[in-house]
Amino acid sequence: KAINRPHGGLKLNEILNGIQSFSRQYYGKLITETMLLEGWNTDLNNLRAIARFIKNLNVYRAYIASPVRPAAETGVRPANTQVINDAYQTFGKHLPAVELMIKAEKGHFFTGQDVIADILDTTAVHQLREEDLLKILQKHRLNWEPVQRLIDEKQLKQVIYNGETFYLRNFSNDF
């Protein structure tokens, strides 16, 4: 509830029962992703409970993830290496295929003729790493000036996360 802020009418036990019901009726390849957040769901008992729940879903593959981009909620931190290892070992005891999704993806983002509009559209739903933003600008033979203008106009904001620089759409104008 603290992280996802679901609608007040949603009940966790009903959601979990729905997932179980779906998994019994679904005959395709079911894949799960468990996002580990330091201090929220990273103790060993919680990891075991998650692994047992997923085991009952008859999944094809279970991914273990940790945030690689800035989160919408302040105070959200990625799980540390030991926790990720504990999760991998715990899940591996219960599940047929476990993979880690803890590395930053490097994107190839589509941009059309209106590069600035495309940057704003992309950063509204997906933070851009500085290196990806520079690649977009280079592709269109643009310098940093249009991005700086977006920052100055408070349409785009810069965030440092885990030593990397990201750009995201600013909807609040309060930074």
Side-chain angles (χ1 to χ4, degrees), residues 1-111 118-119 121-136 159-169:
K1 288 182 177 181
I3 300 298
N4 290 332
R5 293 172 287 169
H7 184 275
L10 294 175
K11 301 199 177 2
L12 181 60
N13 65 328
E14 291 176 7
I15 293 169
L16 296 175
N17 289 338
I19 292 170
Q20 289 173 330
S21 176
F22 175 81
S23 73
R24 287 189 295 272
Q25 298 171 29
Y26 183 69
Y27 295 103
K29 292 180 179 179
L30 188 60
I31 298 172
T32 64
E33 178 182 335
T34 302
M35 179 66 68
L36 299 179
L37 305 174
E38 189 65 44
W40 290 93
N41 62 347
T42 53
D43 67 84
L44 200 51
N45 288 332
N46 195 10
L47 296 175
R48 288 180 186 133
I50 294 168
R52 284 191 303 271
F53 176 79
I54 295 171
K55 179 182 180 181
N56 292 325
L57 301 179
N58 193 31
V59 299
Y60 170 75
R61 178 169 290 120
Y63 286 106
I64 297 170
S66 199
V68 295
R69 296 187 310 262
E73 292 293 327
T74 57
V76 171
R77 296 182 325 277
N80 66 49
T81 306
Q82 182 61 51
V83 167
I84 291 169
N85 184 49
D86 290 347
Y88 185 80
Q89 299 301 322
T90 301
F91 280 39
K93 290 177 186 173
H94 297 279
L95 304 168
V98 180
E99 290 187 34
L100 298 176
M101 288 179 32
I102 57 172
K103 297 236 186 228
E105 78 288 349
K106 304 290 180 176
H108 295 285
F109 297 94
F110 170 79
T111 51
D118 290 339
I119 288 171
D121 288 346
T122 299
T123 56
V125 296
H126 189 286
Q127 300 96 340
L128 282 174
R129 284 183 168 67
E130 187 168 63
E131 69 182 81
D132 292 327
L133 188 50
L134 288 168
K135 286 178 188 175
I136 290 169
V159 175
I160 308 295
Y161 181 78
N162 281 350
E164 284 193 78
T165 304
F166 293 83
Y167 294 86
L168 58 141
R169 185 75 184 262

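For reference, positions follow the sequence shown, starting with 1.
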Residue pair Thr165, Leu133: steps toward the side chain to side chain contact (heavy atoms under 4.5 Å, CB included) verdict: CA-CA 10 Å; Thr165 304; Leu133 188 50; over 6 Å; no
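- Between His94 and Arg52 the shortest side-chain heavy-atom distance falls below 4.5 Å.
- Of all non-hydrogen atoms in Tyr60 and Ala97, the two that sit nearest each other are O-CB, 3.5 Å.
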Under 3.5 Å, which donor-acceptor pairs do the side chains of residues 9-23 form with other protein atoms, sequence neighbours left out?
| unit_1 | atom_1 | unit_2 | atom_2 | d |
| --- | --- | --- | --- | --- |
| Asn17 | ND2 | Asn13 | O | 3.2 |
| Ser21 | OG | Gln25 | NE2 | 3.2 |
| Ser23 | OG | Gln20 | O | 2.8 |

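- Minimum heavy-atom separation, Ala79 to Ser66: N-OG, 2.8 Å.
- Interatomic distance, Tyr161 OH to Arg77 CZ, rounded to the nearest 0.5 Å: 9.5 Å.
- The minimum heavy-atom distance linking Ala62 with Leu95 is given by the pair CB-CD1, 3.7 Å.
- Note: Ile84 CD1 to Leu100 CG = 7.0 Å, rounded to the nearest 0.5 Å.
- A distance of 8.5 Å separates CG in Asn80 from CG in Asp86, rounded to the nearest 0.5 Å.
- Within a 6.0 Å sphere centred on CG of Asn46, other residues, nucleotides and ligands contribute more than 12 heavy atoms.
- The heavy-atom pair separating Glu38 from Val83 by the smallest distance is OE1-CG2, 4.3 Å.
- Between Leu36 and Leu47, some side-chain heavy-atom pair lies under the 4.5 Å cut-off.
- Of all heavy-atom pairs between Phe91 and Ile50, the closest is CZ-CG2, 3.5 Å.
- The distance from the CE atom of Met35 to the CG atom of Asn41 is 9.5 Å, given to the nearest 0.5 Å.
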Determine all donor-acceptor pairs shorter than 3.5 Å in which one atom belongs to a side chain in residues 26-33; sequence neighbours excluded.
none

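- With rounding to the nearest 0.5 Å, the separation of CZ in Arg48 from NZ in Lys55 is 14.0 Å.
- The salt bridge (charged side-chain N to carboxylate O under 4.0 Å, His left out) contacts involving residues 90-101 comprise Arg61-Glu99, where partners must be two or more places apart or lie in separate chains.
- For the atom pair OH (Tyr63) and OG1 (Thr34), the distance works out to 12.5 Å, reported to the nearest 0.5 Å.
- No side-chain heavy atom of Ile119 sits under 4.5 Å from any side-chain heavy atom of Tyr167.
- Between Ile136 and Thr122 the shortest side-chain heavy-atom distance does not fall below 4.5 Å.
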